[in-house]
Amino acid sequence: MLNKKTVDDLQVKGKRVLLRCDFNVPLQDGVITDENRITAALPTIQKLVGDGAKVILCSHMGKPKGEPKPELSLAPVAKRLSELLGKDVVFAKDDTVVGENAKAAVAKMQDGDVVLLENTRYRKEETKNEENFSRELASLADIFVNDAFGSSHRAHCSTVGVTAFVQESAVGYLMEKEIAFLGNAVNNPERPFVAILGGSKVSDKINVIRNLLEKVDTLIIGGGMAYTFSAAEGGKIGTSLLEEDKIPYALDMMKQAKEKGVRFLTPVDTVIAKEFKNDTEYKTVPAGEIPDDWMGLDIGEKTRELFADAIKGAKTVVWNGPMGVFEFENFAGGTKAVAEAMAAIDATTIIGGGDSAAAVNQMGYGEKMSHISTGGGASLEFLEGKELPGVAAVDDK
Ligand code: AMP
């Protein structure tokens with residue numbers, strides 16, 4: 001169980017609480033195109049407001065690289081948050097984040113008021129976890145609460161550094177929920193426990209595979225990374241994604257799975273095309289039999305059935321990474337089949353953020369899952385068995 005202080009352990013009435021959220025949402029022409037991360041932050045904000053705290057929100061957005069970039073301002077988030085909370089959220093527009101404007105906005109706050117600071121990555125110190133900016137952030141508040149699961153794998157000023165200079169720190173409800181779902185799945189799963197990994201690169205998921213092999217009953221590999229496993233077994237993969245230097249690793253993982261009695265499933269057939277685009281000729285061939293100038297862009301029908309069947313018997317399923325190039329409609333079928341199979345079962349179903357979360361929501365299966373993580377990178381590091389710095393830095397209970 002999580003041994004960290006949570007918002008339920010705090011006395012916040014009249015206190016200034018700096019709440020780190022993950023408002024790193026996609027924007028198109030100033031319009032938020034996916035607000036899941038904002039709605040996921042609401043319970044903690046509402047709790048603090050309800051308890052009479054002065055709630056000072058902060059977050060990063062995108063990669064402004066240490067300087068103000070108007071297109072990465074959090075102003076649109078303040079506007080949307082006001083609507084969702086049904087109360088005014090004052091946006092402390094300030095290119096230095098904790099400048100005169102922010103200080104004045106905080107000084108004016110009444111109990112229950114909400115202020116949102118500007119993008120923390122407008123400051124170059126943020127991603128280097130430099131003390132001066134951590135101290136500036138802390139100077140605005142008495143208490144720090146970290147609810148930014150999606151940023152908790154990074155030791156930055158607003159996730160780690162700041163905790164050293166406040167009176168007290170705790171995690172928020174979203175953080176608690178993410179850790180409860182992912183932690184339980186990995187460390188105390190109801191069995192059979194099936195993990196599904198996809199996406200483009202084996203190299204991104206090496207430590208995840210290694211750690212999960214110790215925990216799961218079945219490990220399923222799909223997506224672009226599966227072709228390196230196919231090549232390792234001597235298959236012909238044409239121009240499909242390949243990380244040649246990871247072949248020894250792939251062989252080792254398959255050997256270890258055998259030794260540990262873990263069922264290791266890779267595609268048995270694959271949808272191939274000559275060009276990397278939606279509108280192109282495509283067909284299905286057996287895995288390992290891809291002609292020279294063709295590339296695999298999705299798992300085939302037989303593989304979809306094989307994977308769905310393995311999912312059907314599971315009591316816990318964790319999924320990270322699409323099964324194919326789901327951004328192209330013609331190659332989204334494998335990803336859809338996995339989402340559908342997970343949606344249909346009576347089990348704990350967890351989507352590990354990033355592209356698979358986007359795919360599941362886009363395909364309309366979001367409501368059917370037990371938990372969709374708000375953090376892609378953070379949930380991967382969690383699945384690797386790593387301690388997240390943004391959680392470790394918070395006060396113990
Ligand atoms: P990642 O960023 O590693 O999680 O991978 C997600 C990306 O992998 C998505 O943009 C998919 O389009 C891509 N992907 C999945 N399968 C394939 C494939 N067979 N070939 C190329 N890209 C793929």
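Both counts, for ligands and for their atoms, begin at 1 and track the order of listing. One is the number of the first residue; the rest follow in order along the sequence.
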Worksheet item: Where is the nearest protein heavy atom to atom 8 (O) of ligand 1: which residue, which atom, and how far?
Response: Ser200 N, 3.4 Å

Worksheet entry | Exam field: side chain Asn320 to backbone Gly352, donor-acceptor pair closer than 3.5 Å | yes

Practice prompt. Could you tell me the residue and atom name of the protein heavy atom closest to atom 7 (C) of ligand 1, and the distance to it rounded to 0.1 Å?
Written response: Asp355 OD2, 3.8 Å

Worksheet item: Counting heavy atoms not belonging to Lys69, are there more than 12 under 6.0 Å from its NZ?
Response: yes

Worksheet entry | Top protein contact for atom 14 (N) of ligand 1, by heavy-atom distance | Gly324 O, 3.9 Å

Worksheet entry | Contact partition for Glu327 relative to ligand 1, non-hydrogen atoms under 4.0 Å | side chain

Worksheet item: Any N/O of Gly224 closer than 3.5 Å to an N/O of ligand 1?
Response: yes

Practice prompt. State the atoms of ligand 1, each with its element, that fall below the 4.0 Å cut-off from a heavy-atom position in Gly223.
Written response: 16 (N)

Discussion item. Would you say Val208 ends up clustered with Met253 if hydrophobic residues are merged whenever their side chains have heavy atoms under 4.5 Å apart, either directly or through other cluster members?
Written reply: yes

Worksheet item: Just which atoms of ligand 1 are under 4.0 Å from any heavy atom in Tyr227?
Response: 19 (N)

Worksheet item: Applying the side chain to side chain contact (heavy atoms under 4.5 Å, CB included) test to Ile206, which of Glu384, Glu243, Lys246 qualifies?
Response: Lys246

Discussion item. Checking the side chain of Thr303 only, and the main-chain atoms of Asp269 only, is there a donor and an acceptor separated by less than 3.5 Å?
Written reply: yes

Worksheet item: Please state which protein non-hydrogen atom is closest to atom 4 (O) of ligand 1 and give its distance, to 0.1 Å?
Response: Lys205 NZ, 3.8 Å

Discussion item. Suppose we measure from atom 19 (N) of ligand 1 to each protein heavy atom; which comes out shortest, and what is that distance?
Written reply: Gly296 O, 3.0 Å

Fill in: Polar atom proximity, Asp298 to ligand 1 (N or O, under 3.5 Å)
no

Worksheet item: Would one find more than 12 heavy atoms of other residues, nucleotides or ligands at under 6.0 Å from atom CD of Glu244?
Response: no

Worksheet item: Taking heavy atoms and a distance under 4.0 Å, where does Leu241 meet ligand 1: side chain, backbone, both or neither?
Response: side chain

Item to complete: Among all protein heavy atoms, pick out the one at the shortest distance from atom 22 (N) of ligand 1; state its residue, atom name and that distance to 0.1 Å.
Response: Val325 CG2, 3.6 Å

Fill in: side-chain contact (heavy atoms from CB on, under 4.5 Å) between Phe91 and Ser73, intermediate numbers included
CA-CA 10 Å; Phe91 182 58; Ser73 168; 3.6 Å; yes

Worksheet item: Within the side chain of Asp395, is there an N or O that forms a donor-acceptor pair under 3.5 Å with the backbone of Ala170?
Response: no

